[in-house]
Amino acid sequence: MKQSSKDMHQQAYERMKEYKQTVASDPYRLHYHVMPPVGLLNDPNGFVYYKNQYHLFYQWNPFAAEHGAKFWGHYISDDLVHWKVAPIALAPDEWYDKNGCYSGSAVVHEDKMYVFYTGNVKDTDGNRESYQCLAISEDGIHFEKKGPVIHVPDGYTAHFRDPKVFCENNHWYMVLGAQTEAETGEAVMYTSLDLENWSFQGTLAGSGHHGLGDFGYMWECPDLFSLDGKDILLVCPQGLDPEGFKYQNVFQSGYFAGKFDDDSGAFQHGEFVELDRGFDFYAPQTTEDAKGRRLLFGWMGNAEEDGATQPTVKHEWIHAMTLPRELEWKDGRLLQHPVEELRKLREDEVKHEDVVVVGQDVKLEGVAGNVFELELKVKEWNAAWLNLQIGDSRIQYDQSSETFTFERRSFSEERSLESRHCVLKELTSVRIFKDTSSVEIFINGGKEVFSSRVFDGADANEVAFSADRDGKVVLDVRKWNVKRVTDY
Ligand code: FRU
């Protein structure tokens, strides 16, 4: 029997209430990142600026700190940094989405918010069906489901999901993540004049297209937009093998930059570049706001890190969003900057100029803690390597091998060390956002970013610099505490 939508919403609210204390008492609860009020959060969805406010929806299982039939949870903000819990937007309560209102996007048309999402359905034998569905809201709070608008076309499997809709020259476009019957990953394109009737245009990019060889068995969460004269396709391919420092996480997230021809539907593009080199980054989604900024949120998690491995599960919640980032296309690559509004959260500035790091551990007065923003500018570099210990994690730039490394304690019981790397020709600046259980590192003005969750010991509050004995690095260091803005 179909469960009424009211019942499902009610059950989710009750669970939120019941576990409020359990969740709030977790020392790993983040202070300035979007998290689920209870249960599991994954992809950002429906990120949109509507009636002067930012709306951020998310994949949410309110009933357990594990994957399940997803709801769309909802947050609203005036400024991208203070977020308020909004009523549940979508619950998996219809035949076409009963196993999950999966990821999707939002657009504004004639003052209404249109959200597109994937209805995930599993039959009694476990076979999957996917429907691209529409729901409409007149106030950004209450949504009326209109049901499926797209069925899986011939030639594709039911791994067909994550619609991202945008408008260009009075035409609506939708990019979707897809798997062909030959089990290759693709991003496909639909167009529409009225947001309800959609026609299939074919492959936008994928394994075997536009010079791309074998590139994964499924592509998830595509996003296509223009930025500073470039067309950028963000996408999450599944099934890439590690290659040197690249593709180290179980699934990847990155972009192709090129030129999209909206007449022919062709997308000529360059090579795939990973967006983030840390352990926890996936399924990013962007929107453009009223100031014309291209903004991005990512899921600060990854598929292999679910369940028992994370200590927050004892407190009935798991995963978080990254900080909001502004994108810029410059010198042939995508840069990511923490949004400027984050400066509002700074307090108690500590400043050290011309800090000389030679050999031993250098500790600076007032530079410690487990929630802070830290900014380093390299004024002079004359060393083989520089190390920065942050609690139980470590950052290293090794100039001699041109390698930047982030190292953390794994979530396993042995808490063994594990690391991620990227090639970096020089180090000029680093901006680090440390929260109770996360670190985001923006290197050289956002050219490389490392995002990771970290679960340090309770007294791991030290920040210490060191360089090789024969070397010398001179740094300007600024550090701020960051105000707590999460009260849910
Ligand atoms: C990516 C993803 C999407 C899907 C959603 C389900 O993390 O697998 O492809 O829509 O999560 O929660």
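For ligands, and for the atoms within them, numbers begin at 1 and follow the listed sequence. Any value given below was found using the heavy atoms of this structure, including those in side chains, with hydrogens, waters and symmetry copies removed.
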inquiry  = With a 3.5 Å distance limit and no angle check, can you tell me whether Asp123 reaches the backbone of Asn127 through a side-chain donor-acceptor pair?
reply    =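 Between the backbone of Asn127 and the side chain of Asp123 there is a qualifying donor-acceptor contact (under 3.5 Å).
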
ask   = Does the Asp79 side chain pair with the main chain of His82, one donor and one acceptor, at a distance under 3.5 Å?
value =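 Yes; at least one donor-acceptor contact below 3.5 Å.
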
Listed partners of Ala91 passing side chain to side chain contact (heavy atoms under 4.5 Å, CB included), at least two apart =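 Checked Ala91 against side chain to side chain contact (heavy atoms under 4.5 Å, CB included); matches are Met8, His9, Phe71, Asp93.
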
key: Sorted by chain and number, the residues that approach ligand 1 to under 4.0 Å with a heavy atom   =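 Residues near ligand 1: Asn42, Asp43, Gln59, Lys70, Tyr102, Ser103, Arg161, Asp162, Glu220, Tyr282, Trp299.
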
key: Centroid separation Phe225 to Phe166 less than 6.0 Å   =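 No; Phe166 has its ring centre 6.0 Å or more from that of Phe225.
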
request  = Please name all residues satisfying salt bridge (charged side-chain N to carboxylate O under 4.0 Å, His left out) with Asp456, sequence neighbours left out, ordered by chain then number.
outcome  =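 Listed in chain order: nothing, the list is empty.
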
ask   = Does His151 have any ring pair (Phe, Tyr, Trp, His ring centres under 6.0 Å) partners at least two apart in sequence or in another chain, and if so, which?
value =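 Counting only residues at least two positions away or on another chain, His151 forms a ring pair (Phe, Tyr, Trp, His ring centres under 6.0 Å) with Tyr131.
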
